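This report concerns only the one structure given below.
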There are 2 protein chains.
Amino acid sequence: MSQGVEWALHTCLNLSWLDAPVPTSTLAAFYELPPAYLNKQLQALARAGILTSTSGPRGGFQLARTPAAISLLDIVAAIDGPEELFQCDQILRKGPGEHAGVDYRQSCAFAQAMRGADLAWRRELAGKTVADVRADVERGHPEAPANTRARIVELR
Amino acid sequence: MSQGVEWALHTCLNLSWLDAPVPTSTLAAFYELPPAYLNKQLQALARAGILTSTSGPRGGFQLARTPAAISLLDIVAAIDGPEELFQCDQILRKGPGEHAGVDYRQSCAFAQAMRGADLAWRRELAGKTVADVRADVERGHPEAPANTRARIVELR
DNA sequence: GGTTCCTAGACACTAGATGTCCAGAATCAT
DNA sequence: ATGATTCTGGACATCTAGTGTCTAGGAACC
């Protein structure tokens with residue numbers, strides 16, 4: 001899993017406490033991240049429909065939907081792509097037997113087993129939303145929303 | 001997931017149909033894999049206790065335990081290492097608040113959620129053994145064991 | 001003693017992830 | 001209109017991990 005996933009997750013959580021666009025520079029300063037690179041991840045989130053972007057002064061990024069409608073899987077897929085964890089290279093085609101027209105990504109027993117595990121992973125991620133995580137955080141740190149909002153204003 | 005996992009999975013399956021050591025060169029020829037590199041993966045499997053190796057003429061690798069005692073997770077972990085899919089970099093340490101002595105790999109809500117998904121993935125892989133996969137294959141292709149044994153002899 | 005084979009490490013190559021930079025377009029304030 | 005702010009898209013450089021090769025050494029067999 002790439003580093004950008006962690007940045008995207010925390011940035012989405014922070015944005016869930018805000019209701020106005022926040023520019024990349026501010027979001028990057030929050031965790032001392034490289035602004036230009038974070039911007040790439042934010043663009044990916046925007047392309048995936050998780051964030052909306054607005055240009056110009058007072059512009060920036062904000063959540064495109066309610067936090068309850070954004071799963072961790074949405075964010076992971078937006079950053080790391082939709083590929084499965086295990087990529088079947090169909091080495092069976094190089095083995096003995098007849099291979100014409102056989103797609104071993106479907107028929108290979110290992111590919112099927114790995115896909116099953118992949119689906120279990122995705123099911124977990126799809127079942128957890130940004131709203132869930134936010135609730136977890138607020139349970140342990142009720143001051144987190146106010147602190148985050150204050151810090152964002154301070155960094156603008 | 002690295003390429004070597006697929007090689008290791010199929011090689012272990014093939015070895016499950018054999019009862020004598022098979023040298024790297026033969027196993028590599030089976031799927032037209034680079035022998036020197038496949039040997040690295042086999043060494044990793046041997047270090048993990050999945051294979052045993054014997055030197056000298058008529059030496060090679062064979063399964064160290066019965067196929068029912070080798071899970072797909074064992075093989076994946078032997079090749080790709082024991083690290084979790086999501087590596088928490090604790091970017092929260094760079095955010096506002098007090099961080100002395102806090103391990104965000106444990107306390108961060110995202111890290112916890114990602115670990116939950118990781119465990120679901122591992123549970124699936126741990127629940128599927130080489131024996132299970134072998135049974136699946138033999139159900140669809142009863143000739144597979146004989147074919148594999150013949151090919152191995154042919155390639156020696 | 002020679003052959004076969006594994007072991008361990010050094011080394012090179014490659015692809016992808018990480019990070020930077022810039023020209024252009026959109027938006028807003030004056 | 002003009003300038004300032006910000007996003008967009010792409011080119012580019014760098015760094016790391018995966019992939020692959022090679023060689024010297026040791027173990028086992030004949």
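No experiment lies behind these values; they were computed from the predicted model shown. Each chain gets a letter, A, B and so on, in the order the sequences are listed, and its residues count up from 1. Heavy atoms only: backbone and side chains are in, while hydrogens, waters and symmetry mates are out.
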Practice task
Among D:dT8, C:dT20, D:dG20, find the nucleotide with the atom closest to the side chain of B:Tyr37.
Solution key: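 Shortest atom-to-atom distance from the side chain points to D:dG20.
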Practice task
Could you please name the option among D:dC22, C:dT20, C:dC6 that lies closest to any side-chain atom of A:Ala36?
Solution key: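 Given the options D:dC22, C:dT20, C:dC6, the side chain of A:Ala36 is closest to C:dT20.
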Measure [atom1]/[X] against [atom2]/[N] and give the value in whole Å, please.
{"X": "A:Met1", "N": "D:dA17", "atom1": "CE", "atom2": "P", "result": "16 Å"}
{"X": "B:Ile79", "N": "D:dT19", "atom1": "CD1", "atom2": "P", "result": "10 Å"}
{"X": "B:Phe61", "N": "D:dA28", "atom1": "CZ", "atom2": "P", "result": "14 Å"}
{"X": "A:Tyr31", "N": "C:dT18", "atom1": "OH", "atom2": "C1'", "result": "20 Å"}
{"X": "B:Gln87", "N": "C:dA17", "atom1": "CD", "atom2": "P", "result": "15 Å"}
{"X": "A:Leu38", "N": "D:dT8", "atom1": "CG", "atom2": "P", "result": "12 Å"}

Problem - Side-chain donor-acceptor pair present, A:Trp17, A:Glu138, cut-off under 3.5 Å - result: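 On atom types as modelled, these side chains qualify, holding a pair under 3.5 Å.
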Practice task
Nearest-nucleotide wise, let me know which of B:Gln3 and A:Val22 is further upstream toward the 5' end of DNA chain D.
Solution key: A:Val22
Handout entry: Step-by-step side-chain hydrogen bond (donor to acceptor under 3.5 Å, both in side chains) determination, A:Thr11 to A:Asn14
Key = CA-CA 5 Å; A:Thr11 299; A:Asn14 283 345; 5.8 Å; no
Handout entry: Side-chain ion pair, A:Asp103 and A:Arg93, N-O less than 4.0 Å
Key =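 A salt bridge is absent here (no side-chain N lies under 4.0 Å from a carboxylate O).
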Practice task
Output yes when B:Asp74 and B:Arg65 qualify as a salt bridge under the 4.0 Å nitrogen-oxygen rule, no when they do not.
Solution key: yes
Handout entry: Residue-phosphate contact under 4.0 Å: A:Thr24 side-chain N/O, D:dC7 OP1/OP2
Key =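 Checking A:Thr24 against D:dC7: at least one side-chain N or O falls below 4.0 Å of OP1 or OP2.
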Problem - Interface with DNA chain D, restricted to residues 40-60 of chain B and to heavy atoms under 4.0 Å - result: B:Lys40, B:Ser55, B:Gly56, B:Pro57
Practice task
From the options A:Tyr31, A:Tyr37, A:Phe30, select the one residue that forms a ring-ring contact (aromatic ring centres under 6.0 Å, His included) with A:Trp7.
Solution key: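 So, applying the ring-ring contact (aromatic ring centres under 6.0 Å, His included) to A:Trp7 and each of A:Tyr31, A:Tyr37, A:Phe30, only A:Tyr37 qualifies.
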Handout entry: Proximity of B:His99 and B:Tyr104 rings by center, below 6.0 Å
Key =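 Distance test on ring centres: under 6.0 Å, yes.
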